[in-house]
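Single-structure report; data block below.
Please read these numbers as outputs of a predicted model, since none were measured by experiment.
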Amino acid sequence: MRQAQRLKSVRYDIRGPVLRRAQELEAAGHRILKLNLGNPAPWGLATPEPIVADVVQNIVAAQGYSDARGIYSARVAVAQHYQNLGVTGVQPDDVLLGNGVSELIVMVLQALLDTGDEVLVPSPDYPLWTGAVNLCSGRAVHYRCDESAGWAPDLEHIASRITERTRALVVINPNNPTGAVYSEEVLLGMIELARKHGLLIFADEIYDKIVYDGATHHTLAALAPDVPVVSMGGLSKVYRAAGFRSGWLATSGFSSGGDSDYLDGLQLLANMRVCPNVPAQHAIQTALGGYQSIEELTRPGGRLLEQRDHAWQSLVDIPGVDCVKPAGALYLFARLDPQVHKIHDDERLVIDLLEQQHLLISHGSGFNLDTPDHLRLVFLASTDVLDDAVSRIRTFLSTYHQ
């Protein structure tokens with residue numbers, strides 16, 4: 001039996017051949033140090049207890065289907081969350097809950113795209129965006145994020161990529177994999193391009209509260225009251241509840257005329273999947289309304305800030321390695337100087353690193369970067385584990401050649 005032809009253009013390399021090779025090595029008895037996924041739980045970053053308690057307390061009430069959009073109390077909490085962030089007019093009926101943001105990414109694209117329609121996606125990107133565009137028979141058109149400018153989107157390059165087939169613009173802020181947190185000026189520039197060309201904006205803001213050194217996350221929809229925006233967030237990162245698979249989207253800036261056709265399509269898709277995971281929906285109101293414990297981890301003295309600083313300094317101390325210090329998220333996106341490390345296949349590099357040092361990290365081209373000179377390291381582990389990982393990278397690079 002053959003797979004569908006549309007899958008031939010879909011790639012999701014960060015969970016592809018490299019991960020399969022790691023699983024083979026584990027099956028052969030090797031212990032693999034895995035710093036490839038932004039999964040907090042394995043590193044002792046547990047879901048806050050009040051969130052877990054609310055899920056447990058409501059488990060009996062969660063046995064049946066919910067409204068296809070999600071339970072009302074959770075949608076009210078999400079609507080109030082965006083209202084507090086300055087997004088005008090968001091009501092519970094503008095909110096749709098999902099089995100993580102990953103499910104919602106596919107849904108918002110399914111509702112929009114016809115064959116050959118184009119979506120502007122950052123490079124590097126969270127690769128599900130590119131894969132889902134292609135899965136929906138669209139075409140992902142990548143716009144450049146400028147490493148020399150702290151990985152900020154290049155507005156001129158975005159403008160040059162817009163065609164008559166362009167339907168939407170994806171903004172990932174704070175960014176995975178680079179850790180960039182976009183300035184208000186950059187966001188306003190992107191909004192103006194969407195306004196000028198009639199584009200829908202998808203604002204992936206799953207890391208919105210994970211920022212460092214006084215960086216400010218600007219909620220895009222609050223800056224664009226007259227532009228259609230689908231804002232997305234969830235429990236996986238900020239609330240360390242990745243396994244709950246609980247995410248949301250909120251729509252804003254849509255007109256009451258032709259825009260409602262798209263929203264009707266989203267509702268149809270929500271109905272077709274019946275409803276999101278009901279027990280985890282009961283975590284949302286507590287998470288958004290309660291004490292924001294992520295701030296303990298990201299401020300001075302906090303674990304995530306210390307791990308970021310420690311791992312970043314260790315990485316850039318390796319000859320031929322540099323890295324823009326991330327202002328947000330959970331990742332270091334390090335660059336290998338091509339004059340020092342002459343790499344032409346970065347997937348091969350991380351497989352060789354895996355086989356020689358039993359360390360699993362991700363290669364830059366897996367995030368739709370068009371050069372083979374970047375690696376992504378997750379800094380969720382404790383500093384002693386990060387020291388071990390960076391030491392393995394240093395040893396490996398000191399003798400590695402392609």
Side-chain angles (χ1 to χ4, degrees), residues 13-14 35-36 38 120-130 140-161 169-190 193 204-205 207 210-218 220 308-309 311-347 349-350 353 361-379 390 393-394 397 402:
D13 290 351
I14 62 171
L35 298 180
N36 61 315
L120 295 164
V121 180
S123 174
D125 72 337
Y126 174 52
L128 179 59
W129 277 106
T130 294
V141 177
H142 292 104
Y143 63 83
R144 181 170 54 245
C145 295
D146 186 354
E147 187 170 15
S148 67
W151 290 111
D154 184 331
L155 296 178
E156 290 187 3
H157 192 246
I158 295 174
S160 73
R161 304 290 275 166
L169 170 63
V170 175
V171 181
I172 306 173
N173 176 42
N175 185 266
N176 173 13
T178 68
V181 178
Y182 299 160
S183 69
E184 183 175 359
E185 179 183 6
V186 166
L187 290 173
L188 288 172
M190 300 175 86
L193 287 172
D204 182 345
E205 298 175 327
Y207 300 95
I210 305 180
V211 293
Y212 311 101
D213 303 328
T216 299
H217 174 262
H218 299 281
L220 187 145
R308 181 208 62 166
D309 290 345
W312 176 80
Q313 188 61 61
S314 299
L315 264 181
V316 299
D317 284 343
I318 298 175
V321 177
D322 58 68
C323 181
V324 175
K325 199 170 191 178
L330 305 170
Y331 315 101
L332 295 169
F333 200 58
R335 175 179 177 270
L336 305 181
D337 184 342
Q339 300 302 314
V340 179
H341 305 288
K342 301 182 186 304
I343 306 302
H344 57 82
D345 183 342
D346 58 350
E347 182 176 270
L349 178 146
V350 295
L353 172 65
I361 60 175
S362 303
H363 54 299
S365 63
F367 300 91
N368 292 294
L369 190 68
D370 60 5
T371 58
D373 53 2
H374 284 76
L375 304 172
R376 192 192 75 166
L377 176 84
V378 179
F379 58 80
V390 175
I393 294 171
R394 179 190 292 271
L397 290 177
Q402 282 192 345

What verdict does the side chain to side chain contact (heavy atoms under 4.5 Å, CB included) test give for Leu332 and Leu315, after you've listed the backbone C-alpha separation in whole Å, the side-chain angles of each residue and the deciding distance to 0.1 Å? CA-CA 9 Å; Leu332 295 169; Leu315 264 181; 3.7 Å; yes

Any [X] side-chain heavy atom under 4.5 Å of [Y] side chain:
X	Y	value
Ile158	Pro153	yes
Phe379	Pro326	yes
Tyr182	Asn175	yes
Trp151	Pro124	yes
Arg394	Pro319	yes
Pro174	Val211	yes
Pro122	Val170	yes
Ile361	Leu353	yes

Specify the closest pair of heavy atoms between [X] and [Y], including all atoms of both residues, with the distance to one decimal.
X	Y	result
Val181	Asn173	CA-OD1, 3.5 Å
Gly150	Val324	CA-CG1, 4.0 Å
Trp129	Ile172	CD1-CD1, 3.7 Å
Leu349	Gln402	N-NE2, 3.6 Å
Ile343	Leu336	CG1-CD1, 4.2 Å
Ala334	Val321	CB-CG1, 4.1 Å

Say whether, by atom type as modelled, one donor and one acceptor occur between the side chain of [X] and the main chain of [Y] under 3.5 angstrom.
X	Y	answer
Asp146	Ser148	yes
Tyr212	Ala329	yes
Asp346	Gly364	yes

Give the intermediate values and the outcome of side chain to side chain contact (heavy atoms under 4.5 Å, CB included) for residues Glu147 and Asp322. CA-CA 11 Å; Glu147 187 170 15; Asp322 58 68; 4.3 Å; yes

Say you draw a straight line from [atom1] of [X] to [atom2] of [Y]; how long is it, rounded to the nearest 0.5 Å?
X	Y	atom1	atom2	result
Leu169	Leu220	CG	CG	8.5 Å
His363	Leu369	NE2	CG	10.5 Å
Met190	Leu120	CE	CG	8.5 Å
Asp125	Cys145	CG	SG	9.0 Å
Ser314	Trp312	OG	CH2	10.5 Å
Leu193	Leu155	CG	CG	6.5 Å

According to side chain to side chain donor-acceptor pair (under 3.5 Å), who are the partners of His218, at least two apart in sequence or on a separate chain? none

The salt bridge (Lys or Arg N to Asp or Glu O under 4.0 Å) partners of Arg144 (sequence neighbours excluded) come to Asp154

For Asp309, salt bridge (Lys or Arg N to Asp or Glu O under 4.0 Å) partners two or more places apart: Lys325

Apply side chain to side chain contact (heavy atoms under 4.5 Å, CB included) to His142 and Thr130, showing your working. CA-CA 9 Å; His142 292 104; Thr130 294; 2.8 Å; yes

Within 45° of the ring axis of Phe367 and under 6.0 Å from its six-membered ring centre, is that where the NZ or CZ of Arg376 lies? no

